[in-house]
K.L.:
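This structure is in structure tokens; I'll ask about it shortly.
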Protein chains: 2
Amino acid sequence: MAKQATIYDVAALAGVAPSTVSRTFSRPGRVNAETAARVREVAAELGYRTNRIAQALTTARTGVVALTVSDIGNPYYLEIIRGAEAAASAAGCTMLLSDSRESARHEQQVLERTLPLVDGLVLAGSRMSDTAIRAAARQRPVVVLNRVVTDLPSIAPDHALGARSALEHLAGLGHRRVAYLAGPEASWADGMRWRSVLETGQQLGVKVTRLGPYPPTVAGGSRAAQELPAATGAVVAYNDQVAIGLVRGIQQRGGRVPDDVSVVGFDNIFAADLVLPGLTTVAAPAREMGARAVETLVSREGRTYERAMVLPTRLVVRGSTAPPRRKSTSPA
Amino acid sequence: MAKQATIYDVAALAGVAPSTVSRTFSRPGRVNAETAARVREVAAELGYRTNRIAQALTTARTGVVALTVSDIGNPYYLEIIRGAEAAASAAGCTMLLSDSRESARHEQQVLERTLPLVDGLVLAGSRMSDTAIRAAARQRPVVVLNRVVTDLPSIAPDHALGARSALEHLAGLGHRRVAYLAGPEASWADGMRWRSVLETGQQLGVKVTRLGPYPPTVAGGSRAAQELPAATGAVVAYNDQVAIGLVRGIQQRGGRVPDDVSVVGFDNIFAADLVLPGLTTVAAPAREMGARAVETLVSREGRTYERAMVLPTRLVVRGSTAPPRRKSTSPA
DNA sequence: GAGCCGCTGGCAACCGGTTGCCGTTCGCGA
DNA sequence: TCGCGAACGGCAACCGGTTGCCAGCGGCTC
């Protein structure tokens, strides 16, 4: 923790004014090439590094962007985080990652702490109200992920399309009754998914029922398995964790997936391909979403409020879905 | 993004000097109760919030601590992150989380960016050399996690004890040959685990062989399954992901776990209890480690360099380990 | 040869707090 | 009544850069 050299030290040793040193680094071209070379040389010798704090004070830019997720433990965010990190790094900023622990209150606290320090904010899976989000947006540029907030730059997968494709898949297999396992009530995605499942069900003549809400975790899914009506032949779960928990719960009670129950999840998390049977799930371009969010944030010069960006989803079919079981227990 | 009120605004409106406003917030007690009350009132009215950047410039404290992990996707870090977050929050600081992507080079870059902005740094699973870590410690207080660096505050699970208990468990079941699947060469934990497996093996009369290194991922474990000598009856894997991948790989080739091969992992990640069979694994008090690390960092007033803190591990026995298969294929 | 312009470097104000030091006021003991 | 110290508020310097403005200088045009 040796004392850092300042522009004043460099200036003195190089025989120029501090402002010249400053310009050498922050405004190259503004200073004569030879002078700049000398300054750089002295700076290197002294191990000078510009003090980002002091810089931030005058420029009002810290070079840090925040990414808030509703739960770091949720693997869905993994690719979002990676995408965001890559974009931030490419743009020369640091990313400040924080966890709102599935709580609007905690999310608010986190924002309170981080907002003053950052140039912008990506809210992935915010549990706050639109009003609260808009309030934050009044302090710093905000990009909303996984959700659409009017008049705020938003990036979201096409939840409706995803839910529709899940239901079409099940209907195509011959299912006529489908249960939807709801996630957190504060989840915007949950609302969109349920609504789309409901509507698509009506269009396809599939009877849909809603169960829950359940915590968006494996444990939540296990609990759902206990409460699942016996006749249920097909389930769309809020996300993959719930779906995985459900499958396990069913299996532990002696049921079989997909023979007795078909299960579809959302997000295509890594583990979806790990469990047995593999989980059929709705995949979103998570990495791309993370990257786009940060890019949007960083490039917001004219504060152009583009319309919400909705990205296509894709159904990944694995072993957890199959035609409903015949009444007879033996195959045809 | 309305203009924020400053101490000058508050001072003017309250009819006091800016320094009084400053002291009202940063040095309560230094100013008369009545004056303070008035200042606070005016501040509230104006929505004044102290500018953390400006504050950081003079106090040289940003109130941010960084936590660097080798891979955010690794569930092992999850509890560490949670523990660290809780401790940071309790201490009134913000946590800056970053990912070094299993690369010393990238880790270095990340540090370059974050060090200037933070009050201290927790390195969890650093892939850098001791020298590089010491260099960082010269710039900011550092606490090392999962590893011991001489003369630096270090917190690590008792890797040796963990590896020993794993091997004792296998030996107790009757295994006489055990393979160790190595992790990243730059991993300090890997070195400790292997060494302990080796030594314990010698003491217990168990023949141990080392395979790898493999990437510390499920995919790495699957690859290991392909390269596993046919006669192998018991395996200790670098971590749970590798162990899980191994189990899957074995199963896909028609092998059975634990009947044909017993498998032990490290870290007791969440998924260890999710796979079938459940994974026997060495658990470390991850959450506590994360919390202790941040606490150590924050409370480092006298820069007391306590000795390395080594925390006990605990073997969690699940279904992936069993006595070796008899020569006869039928049960006794 | 006068006027103008672009290139450079320096001066000094400023960003928004923090803090050492000083002066005033006031209570209290001698 | 005088002296002394504690309490309290203000002044101004400072943290380390950034930047608007100005001046000197050389070159070019007419």
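Convention: sequence-line order gives letters A, B, ...; per-chain numbering from 1.
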K.L.:
State which of C/dG16, D/dG17, D/dG9 makes the closest approach to the side chain of A/Tyr8.
P.N.:
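The closest nucleotide is D/dG17.
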
K.L.:
Compare the minimum distances between each of D/dC8, D/dG10, D/dT19 and the side chain of B/Val16, then state the nucleotide with the smallest one.
P.N.:
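Looking only at heavy atoms from C-beta outward on B/Val16, the closest nucleotide is D/dG10.
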
K.L.:
Less than 3.5 Å apart, any donor N or O on the side chain of B/Ser126 or B/Glu107 sitting next to an acceptor on the other?
P.N.:
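Looking only at side-chain atoms, B/Glu107 and B/Ser126 do form a donor-acceptor pair, the distance falling under 3.5 Å.
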
K.L.:
Suppose we call a contact any N or O donor and acceptor under 3.5 Å apart; does that hold for the side chain of A/Arg23 and the base of C/dG10?
P.N.:
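Side chain to base: pair found, below 3.5 Å.
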
K.L.:
Under 4.0 angstrom, heavy atoms only, what part of the nucleic acid is A/Ser19 near: base, sugar-phosphate, or nothing?
P.N.:
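Here A/Ser19 touches the bases of the nucleic acid.
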
K.L.:
Among the candidates D/dG9, D/dA12, D/dT18, find the nucleotide nearest to the side-chain atoms of B/Thr35.
P.N.:
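So the nucleotide nearest the side chain must be D/dG9.
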
K.L.:
Looking only at the side chain of A/Ser22 (C-beta and beyond, no hydrogens), which of the listed nucleotides C/dG16, D/dT19, D/dC8 gets closest?
P.N.:
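Nearest to the side-chain atoms of A/Ser22, counting from C-beta on, is D/dT19.
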
K.L.:
With the side chain of B/Arg30 defined as its heavy atoms from C-beta on, choose the nearest nucleotide among C/dG17, C/dG10, D/dC8.
P.N.:
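The answer is D/dC8.
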
K.L.:
Is there a donor-acceptor contact under 3.5 Å from the side chain of A/Ser22 to the main chain of A/Pro18?
P.N.:
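Not a single qualifying donor-acceptor pair exists.
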
K.L.:
Could you tell me whether A/Thr20 contacts a base, only the sugar-phosphate backbone, or nothing, with contacts defined as non-hydrogen atoms closer than 4.0 Å?
P.N.:
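Here A/Thr20 touches the backbone only, sparing every base.
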
K.L.:
Output the single nucleotide from C/dG9, D/dT18, D/dG9 whose closest atom is nearest the side chain of A/Val31.
P.N.:
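Selected nucleotide: C/dG9.
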
K.L.:
Does a side chain donor of either A/Tyr76 or A/Asn146 reach within less than 3.5 Å of an acceptor in the other side chain?
P.N.:
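A/Tyr76 vs A/Asn146: donor-acceptor pair found between side chains.
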
K.L.:
Would you mind telling me which of C/dG17, C/dG16, C/dT19 lies closest to the side-chain atoms of A/Leu57?
P.N.:
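The closest nucleotide is C/dG16.
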
K.L.:
Treating A/Arg40 as the side-chain partner and A/Thr24 as the backbone partner, does any N or O pair qualify as donor plus acceptor under 3.5 Å?
P.N.:
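Yes: the side chain of A/Arg40 pairs with the backbone of A/Thr24.
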
K.L.:
Would you say B/Arg27 places a side-chain N or O within less than 4.0 Å of OP1 or OP2 belonging to C/dT18?
P.N.:
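It does not, given that no N or O in the side chain of B/Arg27 lies less than 4.0 Å from OP1 or OP2 of C/dT18.
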
